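Note sheet for the following structure.
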Amino acid sequence: MYKRLTGMQDILPEDQPYWRFVRKKIDQITALYGFERLDVPIIEETGLYVRGVGQGTDIVDKEMYSFQDKGKDNVTLRPEFTAGFMRSYVENHLYKRPQPVKLFTIGPIFRYERPQAGRFRQHTQFNVEALGVEDPAIDFEVMSLAHQFFSELGFQGVHFQLNSTGCPQCRPQYIERLQAHYRLHYDEICDDCKRRLDRSPLRVLDCKASQCQPVIASAPKIADYLCDDCRLHFQSLLRYLDNAGLAYIVNHRLVRGLDYYRKTVFEVWVEGIGAQAAVCGGGRYDGLGQEIGGPPTPGIGFGSGIERIVMAMKAQGLTVPGLPKPQVLVAYLGKEAKERAVPLVQELRWYNIGVILPFGDRSLKSQLRQANRERVRYVVIIGEDELARGRAQLRDLQEHQQQDVPLDTLRQWLSERLPIKAEK
RNA sequence: GUGACCAUAGCUCAAUAAGGUUAGAGCACCUGGUUGUGGCCCAGGAGGUUGUGGGUUCAAGUCCCACUGGUCACCCCA
């Protein structure tokens, strides 16, 4: 028997209402904010991600689905969207268009990780990117979109974890101070942090080991080391958020694992996805354009995992509308009645009336049970008697009533009361 | 990559404190109780080589080992 690959999952019909709801909200919210859809390939040259995401990051070092194709090209299943977006922006000369270019997409992302609650090797990401503008007002716009998105999905008290991670002007000085601080406490910190100190120093701030907490608490804060440019940018953003009443928590420990982030970084946390909290993570990546060989291009965006959103929605008891389903079942008794039922079902569907046809020549009782189970409103019953008279029994399962109607008026009778519609 | 836990019917679980005959139940499914009438109820039915492979034993779902898979957590992230 074949089984799903580790970390992959099937999205069964019963979960589709959530997915439909989230996708619909994505379409609405992006249209409202003026973001256009851009779809990029699911597979790119490996080099794009190695350069874009950065050597030394976990993604590049151990999480990419990379392989050589039949033409001996080194390719990789996309582990994130932003690098591909920047590639497309440069390749299609989108920088020639009025800036910013505001884009979004939704699609699968692949990372070879050990699965756990809220983490999969393939997950679906809603990505929003605004390229070409440095103005902190666009940082605000992107965050505002995220805020409205989650609020309208039904989440209560949506707020941001927010920080600035500086830029190449100021970050190095801060990192030196941070490393100096950690060297003073070298014996007290965990092994992971000893490793991080050289490879990815900002990450020590994110450590969860209890022994590291005092060292983190006494560590210098990057906010005190930002250059004028970064500080003013951050202050403007905070002001916009304040004025708009969007809640945030400045979290000095919030950092990113990817090299290209500058200045603004933010996340949205929600309850209900196990040890994971982030349902949205993003930031500014002004260095990425040049990194992959394009023009210097400011950009800000976020990614949001749909699986995590759905999981959190369920955990928090958020409800979504049901999907439309047929409201009529045509039951038949006997071979000749079936001969008439099959084209009747076809006809009704052509007139936009959703119909279920039972299969297998089962008893009327069984067909009615099915009708009840599938919660249709009406059952059309065609038997020998009815067939001979050119009529059908029309049973209303909700009102427990039944009437005898001419077969050729069924279409009109039903279409008057049953345009196909969503359940409840 | 590291660690912990888990694996019995489609699903959720049972199977006397440390082995003992044909592995049970609820839900779901099918059939019947009404020559052709749903929900509720009643009766019946189908559905398992107890994850795989070894081992211990007179005897293994139960004990031991390995493997596979899953879950959760770490690393890290959505």
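Below, chains carry the letters A, B, ... as their sequence lines are ordered, and counting in each starts from 1. Remember, it's a predicted structure, so these values are computed and weren't measured experimentally.
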A:Phe149: ring-ring contact (aromatic ring centres under 6.0 Å, His included) partners, not counting sequence neighbours:
A:Phe126
Checking A:Lys314 against A:Tyr18: charged group under 6.0 Å from the ring centre and within 45 degrees of the axis?
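Yes, A:Lys314 sits over the ring of A:Tyr18.
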Test of understanding: with side-chain hydrogen bond (donor to acceptor under 3.5 Å, both in side chains), list the residues that count as partners of A:Ser200, not counting sequence neighbours.
none
In chain order, what residues pass the side-chain hydrogen bond (donor to acceptor under 3.5 Å, both in side chains) check against A:Gln402, with sequence neighbours excluded?
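A:Gln402 satisfies side-chain hydrogen bond (donor to acceptor under 3.5 Å, both in side chains) with A:Gln393, A:Arg395 once adjacent residues are dropped.
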Examine B:C29: is either OP1 or OP2 under 4.0 Å from a nitrogen or oxygen in the side chain of A:Arg373? Give yes or no.
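Answer is yes, contact under 4.0 Å.
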Go through [range] and report each residue with a non-hydrogen atom lying under 4.0 Å from RNA chain B, sorted by number.
| range | answer |
| --- | --- |
| residues 38-63 of chain A | A:Asp58, A:Lys62, A:Glu63 |
| residues 2-16 of chain A | A:Lys3, A:Thr6 |
| residues 144-153 of chain A | none |
| residues 274-281 of chain A | A:Gly274, A:Ala275, A:Gln276, A:Ala278, A:Val279, A:Cys280, A:Gly281 |

Using the test salt bridge (charged side-chain N to carboxylate O under 4.0 Å, His left out), find all partners of A:Arg349 that sit at least two apart in sequence or belong to another chain.
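Not a single residue meets the salt bridge (charged side-chain N to carboxylate O under 4.0 Å, His left out) criterion with A:Arg349.
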Which ring pair (Phe, Tyr, Trp, His ring centres under 6.0 Å) pairs, counting each pair once, include a residue from residues 182-223 of chain A, with sequence neighbours left out?
A:His181-A:His185
Under the side chain to side chain donor-acceptor pair (under 3.5 Å) rule, what pairs show up with a residue in residues 132-145 of chain A, not counting sequence neighbours?
A:Tyr33-A:Ser144, A:Lys102-A:Glu141, A:Asp139-A:His233, A:Asp139-A:Thr264, A:Asp139-A:Arg284
Below 3.5 Å between N/O atoms, which protein atoms pair up with nucleotides 33-36 of chain B? Just atom names and distances, please.
{"residue": "B:G36", "atom": "O6", "partner": "A:Asp385", "partner atom": "N", "Å": "3.1"}
{"residue": "B:G36", "atom": "O6", "partner": "A:Asp385", "partner atom": "OD1", "Å": "3.1"}
{"residue": "B:G36", "atom": "O6", "partner": "A:Asp385", "partner atom": "OD2", "Å": "2.9"}
{"residue": "B:G36", "atom": "O6", "partner": "A:Glu386", "partner atom": "OE1", "Å": "3.4"}
{"residue": "B:G36", "atom": "N1", "partner": "A:Glu386", "partner atom": "OE1", "Å": "2.8"}
{"residue": "B:G36", "atom": "N1", "partner": "A:Glu386", "partner atom": "OE2", "Å": "2.9"}
{"residue": "B:G36", "atom": "N2", "partner": "A:Glu386", "partner atom": "OE2", "Å": "2.7"}

If we take the P atom in both B:A17 and B:C77, what is their distance in whole Å?
48 Å
Can you list every stem that RNA chain B is part of, counting only runs of 3 or more consecutive Watson-Crick or G-U wobble pairs with both distances under 3.5 Å?
B:1-7 with B:68-74, B:10-13 with B:24-27, B:29-33 with B:41-45, B:51-55 with B:63-67
